[in-house]
Structure formats: C-alpha cells, structure tokens
Amino acid sequence: MNDLTLMSLAAEYAAKARPENTFENPRVGAIIVKNDQILSTGFHKAYGMPHAEIDAFNHLRDKDSVVGATMYVTLEPCAVRGKVGSCAEEIKQWQLSRIVIGASDPNPTTHGKGIALLRQAGIQVDILNTQDSIRLNPAFHHYFQQNESYVQLKLAQSHNERVTVAPNVQTKITNQVADVEIHRQRGSKSAILVGSETVIVDAPSLNVRYISITHRQPLRVVIDRRGRLINNQLINKQGWLVYTENQAFSEREPNAVLMTAGLPGILKDLKNRNMQSIMVEGGPTMIKSFLKLNLWHQFIMYTSEQLLPDNGVNGLHLDQVPDHTSYVGNTKKTVYINHRRPSCLQE
C-alpha cells in the first residue's frame with residue numbers, strides 16, 4: 001500500500017469519531033506501519049481523551065515494535081500541552097523512522113512546530129497536503145485559517161414551510177429521533193445563538209440533552225436589540241450572553257453586551273471570545289438576516305412530514321441546490337453549503 005492509500009485509511013479511522021464528542025478538537029486518525037504490515041490504528045475519540053497518535057501507540061501489542069516503524073496521521077501532531085500532553089514530544093521517544101502527515105495544523109500554537117520537533121529528533125517527516133482533515137473538521141480549519149467563527153444555520157419547519165401553528169405559539173415539529181440528531185449538532189458547537197423572540201415564546205434551555213458529552217455546554221447567546229429580556233431570569237444564569245442595543249440593559253445586566261456593529265460585530269466579538277463555531281437556531285427572521293448578509297457557512301433544514309395551518313409563521317425556502325439530503329426521524333434533513341464565502345471543504 002502506498003502513502004495515499006494508508007492516509008485514506010487513517011482518515012477512515014478519524015471519521016469514526018463523532019464531532020459532538022471531539023467538540024473543538026479536530027477528528028484525527030493514525031496508523032502505525034512496519035514492513036508493509038499495519039501494527040495498530042487509533043483515533044481521537046473525545047475531547048480530553050488521548051489524541052490519535054497516542055491511541056494508536058496504546059493499541060500496539062508490542063510497544064517495542066514501534067522502533068523503526070512509520071506512522072500515518074491525518075493532522076500534524078500537536079506541539080503544546082493542553083488537556084493531554086504534547087503528541088510531538090511523546091512521539092519523539094518512540095524512535096519512529098518516518099511519519100507521514102496529511103495536513104499541517106492551522107492552529108498557531110502547533111502550526112509547523114510539531115513538524116519541527118519531529119525533524120529535530122531525526123525522524124523523516126513527509127507532508128501529503130491531503131484534504132481529509134479539512135473535510136472532516138471544517139469548523140476547526142475555518143476558524144484558524146480565516147480568523148472567524150464558523151456559522152451553521154439550523155431551521156425546523158413543516159412540509160408546507162411553517163414553523164408554528166400560529167404567531168407566538170410554541171410548536172413542536174421534530175420527533176425524538178430528529179431531536180437527538182439536532183442535539184448532536186449542538187454538542188459539536190462552541191455557542192448556540194437565538195433571538196429574543198425565541199426566548200420569550202419557547203423559554204429554551206439551549207443546552208445539549210439526549211446525548212452524553214465530556215466537554216462544556218455551548219455558550220448560549222441571545223440577540224435582544226430592544227432589551228425585551230431585561231427582567232427575564234433565564235438570561236441571568238451562568239453560560240448566557242446577550243447582545244443588545246439598549247444601553248440601560250447592557251449596564252444593568254452582567255451578561256448583556258452593548259452591540260454597535262450589527263451581526264458582523266456580534267460574530268467578531270464571539271470570535272474574540274474564542275467561539276470556534278456557532279449554531280444559529282433562531283426563527284426564520286433571524287436566519288434570513290444571516291442569509292441576507294452572507295454570514296453563514298452551512299445551513300441545515302429539517303422539514304417534517306406534518307402540515308401546519310396556513311396562518312402559522314412562515315418558514316423559508318432556499319433557492320440553492322442542496323449539497324446533501326438524508327432522512328432523520330420524521331424529517332428530511334437538507335444541508336446547504338455556502339459556496340460564496342471562503343470556506344473549508346465539508347463532509
């Protein structure tokens with residue numbers, strides 16, 4: 001097997017990880033090969049758990065067999081100590097003869113540094129510049145390469161494109177199977193963003209439920225231009241952030257921030273707060289604002305089989321060919337990619 005074939009196999013192992021488990025960490029796969037035989041495989045399973053390289057090493061039946069072997073890894077080994085130790089520093093001790101890397105790490109804390117550490121240790125390092133890591137980790141690569149948060153829009157609507165049975169009435173559209181899928185999407189995001197109308201009508205928790213996570217809950221972000229939530233107890237809790245144009249509200253509420261540059265200013269501020277990815281779960285009005293300003297990278301629409309009254313709140317229709325379609329629970333899941341913005345490849 002050649003380098004590209006083995007790297008593709010490493011990418012298959014990376015894909016075994018679920019984004020809601022790795023969270024802001026990239027999904028990475030690794031394979032250790034010697035004398036044309038695969039000795040072990042590994043992947044980064046969850047945030048805070050061993051990285052792919054360490055996982056592959058841990059799966060070796062004979063740890064001494066790593067001497068003189070070649071490792072294939074989809075992303076440059078990290079060079080800094082975070083939740084786990086530096087992979088590059090650890091790999092230096094194994095006496096590998098060669099390491100083949102799919103792509104360099106865009107994170108400036110590691111970019112090129114992991115490669116340099118390995119070469120300094122006398123290990124031959126080859127970089128294939130494959131697209132596997134970008135495809136598997138679009139938000140991670142976009143955040144560091146474009147210096148902005150990755151924005152995913154999400155909307156659930158009925159078959160006849162309504163989101164509620166009537167204005168200001170909370171309406172359930174997705175069933176539990178679809179809900180689990182939506183919470184998996186939430187679990188992979190740094191922040192969840194809605195408008196004040198959603199908070200007033202639905203009083204949402206905006207947290208990750210139905211699935212287990214080992215990382216923090218997403219930051220819950222609300223856009224409340226007029227300050228309608230000034231006496232709402234929900235936003236007083238830790239983990240909430242409100243953007244408002246109401247100066248009195250921003251001065252009174254510790255979780256409120258005065259917004260002065262509209263949606264672009266909010267996204268810039270969230271980037272400065274290290275929010276790698278944002279899931280916008282507001283209603284159609286909010287979604288349309290992001291679409292109009294071209295401030296999105298991916299849009300997931302869940303369309304149920306049910307019909308809602310014509311006097312319900314209108315959903316929306318996107319005049320764009322879907323990039324992916326599947327069925328989840330009682331919904332048709334349609335994924336759109338914004339090809340008009342600089343963006344990383346999507347899975």
Side-chain angles (χ1 to χ4, degrees), residues 10-30 42-52 55 73-76 78 82-84 102-103 105-107 130-146 148-154 156 174 177-193 206-221 270-271 274-281 296-302 323-326 328-329 331 333-338 343-347:
E12 290 180 18
Y13 278 91
K16 290 177 179 291
R18 300 195 65 98
E20 69 271 17
N21 292 333
T22 58
F23 187 43
E24 294 176 341
N25 283 353
R27 294 187 287 169
V28 181
F43 65 98
H44 179 48
K45 296 178 175 63
Y47 188 76
M49 291 186 67
H51 288 182
D55 189 52
V73 60
T74 54
L75 188 67
E76 176 181 1
C78 63
K83 291 288 183 182
V84 296
D105 193 326
N107 189 333
T130 60
Q131 298 294 303
D132 297 312
S133 183
I134 297 174
R135 174 177 55 84
L136 291 166
N137 309 292
F140 174 80
H141 282 271
H142 184 86
Y143 177 75
F144 289 111
Q145 291 175 349
Q146 304 296 334
E148 65 178 16
S149 301
Y150 184 90
V151 177
Q152 179 196 69
L153 309 178
K154 169 260 172 180
T174 54
V177 174
D179 286 343
V180 170
E181 150 71 16
I182 292 169
H183 280 259
R184 291 191 188 280
Q185 294 290 337
R186 280 188 182 181
S188 66
K189 303 301 182 294
S190 308
I192 309 297
L193 188 151
L206 297 183
N207 58 4
V208 179
R209 305 184 298 280
Y210 307 121
I211 64 170
S212 299
I213 56 173
T214 58
H215 54 79
R216 67 166 178 83
Q217 288 283 348
L219 176 68
R220 281 149 279 189
V221 182
L270 288 171
K271 162 60 177 65
N274 302 316
M275 297 295 109
Q276 185 181 115
S277 57
I278 302 162
M279 184 176 183
V280 180
E281 288 204 61
W296 64 285
H297 303 97
Q298 183 188 64
F299 182 12
I300 301 182
M301 188 181 297
Y302 297 90
D323 290 85
H324 181 71
T325 301
S326 59
V328 181
T331 69
K333 176 185 175 183
T334 310
V335 180
Y336 301 91
I337 304 303
N338 186 355
S343 185
C344 296
L345 296 175
Q346 310 290 312
E347 185 178 25

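Just so you know, residue 1 is the first one in the sequence shown, and it goes up from there.
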Expected output: side-chain [X] to main-chain [Y] donor-acceptor under 3.5 Å:
| X | Y | answer |
| --- | --- | --- |
| R18 | A46 | no |
| T331 | T174 | no |
| H215 | E20 | yes |
| H141 | R135 | no |
| Q217 | V208 | yes |

Starting from the C-alpha separation in whole Å, work towards a yes-or-no answer on side-chain contact (heavy atoms from CB on, under 4.5 Å) for V28 and H51. CA-CA 8 Å; V28 181; H51 288 182; over 6 Å; no
Donor-acceptor pair between Y143 and E24 side chains, under 3.5 angstrom: no
Under 3.5 Å side-chain donor-acceptor pair for H297 and Q152: no
Identify which one of V335, D323, L153 satisfies the side chain to side chain contact (heavy atoms under 4.5 Å, CB included) criterion when paired with Q298. V335
Of I278, L206, L270, V280, the residue whose pairing with V221 passes side chain to side chain contact (heavy atoms under 4.5 Å, CB included): L270
From [atom1] ([X]) to [atom2] ([Y]), nearest 0.5 Å:
| X | Y | atom1 | atom2 | result |
| --- | --- | --- | --- | --- |
| L193 | M279 | CG | CE | 11.5 Å |
| Y210 | H183 | OH | NE2 | 5.0 Å |
| F299 | I337 | CZ | CD1 | 11.5 Å |
| N137 | S277 | CG | OG | 11.5 Å |
| I211 | D179 | CD1 | CG | 12.0 Å |
| I134 | F140 | CD1 | CZ | 11.0 Å |

Only one of D55, N25, T22 passes side chain to side chain donor-acceptor pair (under 3.5 Å) with H44, and that residue is N25
Over all atoms of both residues, closest heavy-atom pair of [X] and [Y]:
| X | Y | result |
| --- | --- | --- |
| R216 | M275 | NH2-CE, 3.6 Å |
| L136 | A11 | CD1-O, 3.9 Å |
| P218 | R186 | CG-O, 3.6 Å |
| G42 | Y13 | O-CB, 4.0 Å |
| R27 | T74 | O-OG1, 4.3 Å |
| G29 | A14 | N-CB, 3.2 Å |

Using a strict 4.0 Å threshold on nitrogen-to-oxygen distance, state whether K154 and E281 make a salt bridge. yes
Parallel, tilted or perpendicular: ring planes of Y47 versus F23, cut at 30 and 60 degrees: perpendicular
When you compare the side chain of R220 with that of N207, does any pair of heavy atoms fall below 4.5 Å? yes
